[in-house]
Each structure stands twice: as C-alpha cells, then as structure tokens.
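The structure under discussion is supplied below as structure tokens; questions concerning it will follow.
Everything quoted here is computed from the prediction, not taken from an experiment. We name chains A, B, ... by the order of the sequence lines, and we start the count at 1 in each one.
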Number of protein chains: 2
Amino acid sequence: MSKRKTVLVEEESMAAVAEREARPPVEAIRAAAFAQFAERGYPVVTVRDIMKACGLTQGALYNHFKSKDELLHDIIASTQGELERQCQQAVAGAGGDPCAELAAFVRVYVIRHCRLRIEALVANREIGWLDSARVADIRRSRRAIRDIVVTILRHGVEKGVFDPPRVDGKHDLKAMAMALLDQCTHVSMWYGPGGDLTEEQMAKLYTGMALRMVGAAPQPA
Amino acid sequence: MSKRKTVLVEEESMAAVAEREARPPVEAIRAAAFAQFAERGYPVVTVRDIMKACGLTQGALYNHFKSKDELLHDIIASTQGELERQCQQAVAGAGGDPCAELAAFVRVYVIRHCRLRIEALVANREIGWLDSARVADIRRSRRAIRDIVVTILRHGVEKGVFDPPRVDGKHDLKAMAMALLDQCTHVSMWYGPGGDLTEEQMAKLYTGMALRMVGAAPQPA
DNA sequence: AAACCTCCTGAACGACCGTTCACATTGGCC
DNA sequence: GGCCAATGTGAACGGTCGTTCAGGAGGTTT
C-alpha cells in the first residue's frame, strides 16, 4: 500500500514523507494546511487537499482537530499570540524613551512581517472565515497591539517628544496608530526577499517614516 | 405567482422589489452581488443567494453575465477604474507643486476609501478569486496608481521639496509609495462614520502624516 | 496470547455548488 | 391576430464538499 503510494504520488511525495517522519502528524497537518490556506485561501482548500499533502486521507484529520474551522483558528491564534508577545517585549526593552520605543516596535513588527509574511497574510486574510466565537480572542490581541502603539504615542506627546499632526487642533492617536499599523502590516502583502530592500533596510525605512509621521525630532540616520 | 412571492419572502422583499422596479435587472444583480460579497465573501456567496436577494431565480443570472466570475470582475473593475481616474484628476489639478500634488492625492484617496469603504474592501479582498486572465487589468491599474505616487515623490525629491528617510544613504521611493498607499487603502477596513473623525478630518490627518513621512516642509495646519 | 489503545483507511452520507436547458411569459411590431 | 426577441423559471446534471463511521494495522500492556 505504501509502495503503491510512493509510486502514484509524484512531485511532492518526498517532502510529504519527510515531513511525516520528521514530526508528529498534528504538526504536519498544521504545516500543510497553512501552506495551502496561504496559497489558495481557506474556503477553496478542501480537507482532502490538506491531508493528501501530508500523505494521509481525509478522515485522519478528525483524529487531531475537531473541524476544519478549528484547524484554521489554531494556525491563526498561534501566530497572533507570538506577535503580541514579541511586540510587548520589544517595547519593554526600549527603556522608556518614546522614540526608542516606537523605533523598537516598528523594527520588530516590520521585520516579523517581512520574514513571516505568509503567516501574517493568512492571519489577516482568512480571519473572516472563523465563526464568531473563535474570532473573539484574535480581535482582542489585535486591539492590545494597537493599544501598545497608542500608549507610546501618548507618552511621546505628553513628554513633548512627539508632535503629531492635528485636525481641528486635536490629535487622534488611535487613528494614527491604525495608520501606522496598517502600513507596517501590509508589508507582508508585497515584500519579497528578492526585491530592492533587505529586511533590515525595510525596518530602517519604516522606522524613519514612523518617527516622521509622529513629528519626532530628526534622528541621525 | 408574484402574489405568492410577496407573501412568502418576508424581511427583504420591500428592498428587493423596490430595486427590481427602480432599475434594470443587470444593475439589481450587480448591487445584490456586491452587497453579499462584501458581507460574506465571494466563494461562500452562491448564485442562488444573489438572485434571491433581487427577487429572481438562479438561472436568470446567465441572461446577464457569462459566469459568477465575470460578475465579480465587473464589480471590481468598475470600482478600480473610477479610483484610477479620480487619482489622476486630483494630481493633475494640483498645479505641479509636489506638496500640493501629494496632499491632493492623499485627500481624494482617503475620502474615497472612507466613503466607498465597502467597495474598496471587496475590490481588495476578493480580487484573488478572479482567474488570472481577468485579474491582469486590475493589477495594471494598481501599478498605475502606485506610479502616480512614485512620480510625485521623485519630483519632490528632485526639486528639494521632499527629504524622505534614507536607508544606507539611498531612497526607495517605490517602497515608500507602497507604505503610503497601504495606510490610506486600509482606512476602508476600520473607518466608520460613527467614529471619532469625519471623512474630512481623516483626509487632513492622513495628508499631514503623508507630508511628514516624505519630509516635506511643515505646513500651516 | 489476548486485550487494548492509537491512528489511519476509504466508502458512504446528505447537502449544496455553478451551470445548462427545455419551457413559460411578456411586450413590441408587422 | 401571429411572430419574434428578451427574459425568467425551476428541474436536472455532474461534481465536490465537510463530516462520520465501521473496520484494519501496529504497538504496548497485562
């Protein structure tokens, strides 16, 4: 039977077999599902597709996950959780200076979204397919990240280090935080390692833009 | 028969009937499809759903569109085309000064993405479902818009009006244009008219951020 | 050796998909 | 009146979907 399979399944059998033997099937399934969701989108990837990609049949999925939906949530939640953790850590390590905090945040956030752009793309694009119960904790984590940025901005303004644009005499730090996060997040939609800039250069560029956006004193570049 | 329908179909029949009688069915279909794609996403909205929403049955779709795919393309392409036209027009009317051009561009782009956020959301989120032949002209239009921004930035730098951040001594105007467009585009993902800012205030805020990003001389706010 | 547990198989289920088609129904035009 | 083109109907087609389940294979415990 396994002989028949190694004959019939052609181009991806090496990878599939390697994956199955290197790690427990739960992780092989996660990895295969992730790759296919990224490439083709959750609703058009079938359970059969996912399982075939890791050398199993449809039914085996349900030994490891309750449903296709839970599988997607599992993938997104783990990415999101680590993103939040990394953001907190970056800011905490910056020593309280708003400029340093903002720079550290943007740097970590951009580099992560360059390096793990596929993960970010899936998390952002496929989240809408989760049922409302499962989507709640993801949204909470996103709000938490946004609030980290808002806090940095507010401290900066209070200390007089930042001087962000006003509309009708007032700031809107929440909207600015959204704008900043939007531009950093969507790096994952177009950045490619073969392009003009390295991850490091992307981080520098985006840090520079962020500091200018908030009206920080010019940094030595 | 029509009597039976007005009795059976309950909560949306008023809207459906109003739409069917106010405009030709092609437009009613377009509108219904658009609304459902926006709310639930192209692949899970069925032809039956769309046609029921405008008081017809599945088969009637194919009197007006060749396929579900063509219907989606029709919706996205018309939005995209008008966006491109509006952007060109805004820049052309700014009189050649890079600051004014950038401000006019961002203003038009942001206000449009606040006001027609659902259209933008559909165009951005669902484009991936189009087959490759139909997606080509949409991508072309997006590149054209990006190049408008790149051109503004280049002129500004050449004239010494802009001083954007450098990485390793060099600009990357394409990456900056992407960052700027990303942040403006994704306003459509979170802006709501009930929020803290009006469209006009959003435009001011984003114009301010854009001018700072590129290192333009501070404007009187 | 027998019992047991974990994991996988692959047929089967009921539902729904996009699309087609033979057949009304309508309204203008000769 | 008869004719035609446009448009809608709803059954039907071939296919695929997520999920279930009876059964088999292999390893560990008793």
Original post:
Nearest-Å distance, CG (B/L56) to C1' (D/dA6)?
Top reply: 14 Å
Subject >> Pairing of A/K204 and A/E199 as salt bridge, 4.0 angstrom limit >> reply: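 Looking at A/E199 together with A/K204, the answer is no, because their closest N to O distance does not fall below 4.0 Å.
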**OP:** Would you check if the side chain of A/R125 reaches a backbone N or O of A/F37 as a donor-acceptor pair within less than 3.5 Å?
**Re:**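 Yes, because the side chain of A/R125 sits within donor-acceptor range (under 3.5 Å) of the backbone of A/F37.
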**OP:** Whole angstrom is fine here: how far is it from CG in B/D49 over to P in C/dG18?
**Re:** 8 Å
**OP:** Find the distance B/K52:NZ to D/dG8:P and express it as a whole number of Å.
**Re:** 18 Å
**OP:** Would you indicate what A/V45 reaches in the nucleic acid, counting non-hydrogen atoms under 4.0 angstrom: base, sugar-phosphate, or nothing?
**Re:**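 Counting heavy atoms under 4.0 Å across all strands, the contact made by A/V45 is with sugar-phosphate only.
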Subject >> Residues which pass side chain to side chain contact (heavy atoms under 4.5 Å, CB included) with B/M51, listed by chain and number, not counting sequence neighbours >> reply: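 So B/M51 forms a side chain to side chain contact (heavy atoms under 4.5 Å, CB included) with B/I29, B/V47, B/L56, B/A60, B/L61.
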Original post:
Roughly, in whole Å, what's the span from CG in A/L61 to P in C/dG10?
Top reply: 16 Å
Subject >> Pair A/D49 + A/R40: basic N to acidic O under 4.0 Å >> reply: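 Looking at A/R40 together with A/D49, the answer is yes, because their closest N to O distance falls below 4.0 Å.
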Original post:
Please give, in whole Å, the distance from D/dG10 P to B/M51 CE?
Top reply: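 Distance check: B/M51 CE to D/dG10 P gives 13 Å.
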**OP:** Please state how far atom CD in A/E70 lies from atom P in D/dG18, giving the value in whole angstrom units.
**Re:**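 Going from CD in A/E70 over to P in D/dG18 covers 15 Å.
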Original post:
Are any side-chain N or O atoms of B/E126 and backbone N or O atoms of B/Y42, one a donor and one an acceptor, separated by less than 3.5 Å?
Top reply: yes
Original post:
Distance-only, no hydrogens or angles: does the A/S141 side chain make a donor-acceptor pair with backbone N or O of A/D137 under 3.5 Å?
Top reply: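 No.
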**OP:** Measure the spacing between CG of A/L72 and CD1 of A/I127 and express it to the nearest 0.5 Å.
**Re:** 9.0 Å
Subject >> Atom pair distance, as rounded to whole Å: NZ in A/K68 and P in D/dT20 >> reply: 15 Å
Subject >> Nucleotide D/dG18, atom C1' - distance to CZ of A/F65 in whole Å >> reply: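 Spelled out: CZ on A/F65 to C1' on D/dG18 is 16 Å.
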**OP:** Give the nucleotide from the list C/dG18, D/dT19, D/dG10 with an atom nearest to the side chain of A/V47.
**Re:** D/dT19
Every protein N/O lying under 3.5 Å from an N/O of nucleotides 11-13 of chain D:
from: D/dA12; atom 1: N6; to: B/R48; atom 2: NH2; distance (Å): 3.2

Original post:
Are any of A/N63's side-chain N or O atoms less than 4.0 Å away from OP1 or OP2 of C/dC7?
Top reply: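 So the side-chain polar atoms of A/N63 never come under 4.0 Å of the phosphate oxygens OP1 or OP2 of C/dC7.
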Original post:
Nearest to the side chain of A/T46 - D/dC17, C/dT9, C/dT19?
Top reply: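 Of all the options, the side chain of A/T46 is nearest to D/dC17.
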**OP:** Tell me whether the OP1 or OP2 atom of D/dG8 has a side-chain N or O from B/H64 closer than 4.0 Å.
**Re:**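 Affirmative; the distance criterion is met.
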**OP:** Identify whether any heavy atom of A/V44 sits under 4.0 Å from a base atom; if not, whether one sits that close to sugar-phosphate; answer base, sugar-phosphate or nothing.
**Re:** nothing
